[in-house]
Asks: 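Quick one: the structure is below, questions incoming.
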Amino acid sequence: MTQPTPPRTDVPAIEIAGLYKRFGDNEVLKGIDLTVKAGQVVCVIGPSGSGKSTLLRCVNRLEEPTSGQIRVEGIDILDPEIDLDKVRARIGMVFQSFNLFPHLTVLRNLTISQRRVLGRSKGEAEEIARANLERVGLSDKIDAYPAHLSGGQQQRAAIARSLSMSPDMMLFDEPTSALDPELVGDVLDVMRALADSGMTMMVVTHEMGFAREVGDELVFMDDGMIVEEGNPRDVLANPRHDRTRAFLAKVL
Ligand code: ADP
Ligand code: MG
């Protein structure tokens, strides 16, 4: 089996400095500085419209920043010369909507990009897919179509698909927000196990329990800025800023 290059641990996984993003007249990110170390889980919370998704999307350049710096494993990803596909292959992303290909079985959903983007053989891609389906508890759904899975199963399949690309880090944008409450726990359990395995993760979430128990850092964003960050237990128990307090009073 092809061994992916191990993640670098001598540099931060993600280093964001002075990041600005504007859509027309709307300045959405107003000078974000944030470092995610290898193996760290950083949770990002904040009101709707505060720029959380835009921040995450800038990290793999689904959005073009207006100005600032972003380094991924030491590489300046805003350098026009870089091979963006190579950078993106190291960063897995899971969205609120699961985005599985509806016309493909779970197995094919997990193998198609491995074969097309990474050039893995059918056998190797399937072996990796099986291992990742087992990891998320979906081995019995390998031949099912997405429409026959619950929302929670679809999201776990989407996570397994991302993992099958052997990323060094994972970005999650409200991965449980579209799920019925009784399906949230299974997805959070998978994410917790992933964190325990040492995966570097940036997680936008409204699940404060997850942030408290799994997060190494908690970042509170409001109006395009990081208002407060620190140890999740400290931030949740003793928020220092009025805006953090007001937000937590609504969600806790
Ligand atoms: P959050 O994820 O915290 O809810 P977003 O990053 O999605 O916030 O959005 C922040 C702001 O940026 C909002 O005002 C939103 O309308 C705006 N925005 C996001 N994406 C786009 C886009 N592609 N074009 C124009 N405005 C956008
Ligand atoms: Mg969002």
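Numbering of ligands and ligand atoms starts at 1, following listing order. All figures in this text were calculated on a predicted structure; none of them were measured in a lab.
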Asks: Counting only nitrogen or oxygen atoms and a 3.5 angstrom limit, does Gly51 reach ligand 1?
Replies: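 The answer is yes, given that Gly51 and ligand 1 share an N or O pair closer than 3.5 Å.
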Asks: Using the side-chain contact (heavy atoms from CB on, under 4.5 Å) definition, which of the options Leu55, Thr54, Leu34 pairs with Leu19?
Replies: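 Passing option: Leu55.
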Asks: Taking the six-membered ring of Phe23 as reference, does the cationic atom of Lys21 (NZ for Lys, CZ for Arg) lie under 6.0 Å from its centre and within 45° of its axis?
Replies: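 Flagged: Lys21 positioned over aromatic ring of Phe23.
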Asks: Heavy atom under 4.0 Å from ligand 1: found in Thr54's side chain, backbone, both, or neither?
Replies: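 For Thr54, backbone and side-chain atoms both sit under 4.0 Å from ligand 1.
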Asks: Contact between ligand 1 and Gly46 is defined here as a heavy atom of the residue under 4.0 Å from a ligand atom; is it met?
Replies: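 Under 4.0 Å: no for Gly46.
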Asks: Classify the side-chain pair Arg120/Ser166 by whether it contains a donor and acceptor separated by less than 3.5 Å.
Replies: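 Note: Arg120 and Ser166 side chains meet the donor-acceptor criterion.
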Asks: Charged N to carboxylate O under 4.0 angstrom, Arg192 versus Glu213?
Replies: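 Counted as a salt bridge, because a side-chain N and a carboxylate O are separated by less than 4.0 Å.
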Asks: For atom 12 (O) of ligand 1, grab the closest protein heavy atom and report residue, atom and distance to one decimal in Å.
Replies: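 Residue, atom and distance for the closest contact: Val28 CG2, 3.1 Å.
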Asks: Name the closest protein heavy atom to atom 7 (O) of ligand 1, giving the residue it belongs to and the distance to 0.1 Å.
Replies: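 For this ligand atom, the closest protein heavy atom is Ser53 CB, 3.7 Å.
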Asks: Regarding atom 3 (O) of ligand 1: of the candidates Glu174, Glu27, Lys52, Arg22, which has the closest heavy atom?
Replies: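 That would be Lys52.
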Asks: Of Val94, Asn99, Thr111, Leu133, which meets side-chain contact (heavy atoms from CB on, under 4.5 Å) against Arg161?
Replies: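 Of all the options given, the one that passes is Asn99.
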Asks: Where is the tightest heavy-atom contact between Asp222 and Ser50, given as atom of each residue plus distance?
Replies: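 Closest approach of Asp222 to Ser50: CA-CB, 3.8 Å.
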Asks: Mind checking whether Phe23 has an N or O less than 3.5 Å away from an N or O of ligand 1?
Replies: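 Min N/O separation from ligand 1 is not below 3.5 Å for Phe23.
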Asks: If hydrophobic clusters are built by linking Ile, Leu, Val, Met, Phe, Trp and Tyr wherever their side-chain heavy atoms come under 4.5 Å apart, do Phe101 and Met93 end up in the same one?
Replies: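 No, separate clusters.
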Asks: Number the atoms of ligand 1 from 1 as they appear, then name those within less than 4.0 Å of a heavy atom of Pro47, with their elements.
Replies: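 Close to Pro47: 3 (O).
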Asks: Is the charged tip of Arg240 near the ring of Phe220: under 6.0 Å from the six-membered ring centre and within 45° of its axis?
Replies: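 No, a cation-pi geometry is absent between Arg240 and Phe220.
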Asks: Measure the CG-CD distance between Asn231 and Glu217 for me, rounded to the nearest 0.5 Å.
Replies: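 Those atoms lie 7.5 Å apart.
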Asks: Among all the protein's non-hydrogen atoms, which is closest to atom 1 (P) of ligand 1, and how far away is it?
Replies: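 Here the closest protein heavy atom is Gly49 N, 3.5 Å.
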Asks: Restricting to N/O/S atoms, is Ser53 within less than 2.8 Å of the Mg ion (ligand 2) or not?
Replies: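 Yes.
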Asks: Please classify the Asn26 to ligand 1 contact at 4.0 Å (heavy-atom distances, strictly less than): side chain, backbone, both or neither.
Replies: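 Only the side chain of Asn26 comes within reach of ligand 1.
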Asks: Does some non-hydrogen atom of the protein lie less than 4.0 angstrom from atom 27 (C) of ligand 1?
Replies: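 Yes, because at least one protein heavy atom sits under 4.0 Å from atom 27 (C) of ligand 1.
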Asks: Looking at atom 16 (O) of ligand 1, would you say a protein heavy atom lies below 4.0 Å from it?
Replies: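 It does not: no protein heavy atom is found less than 4.0 Å away from atom 16 (O) of ligand 1.
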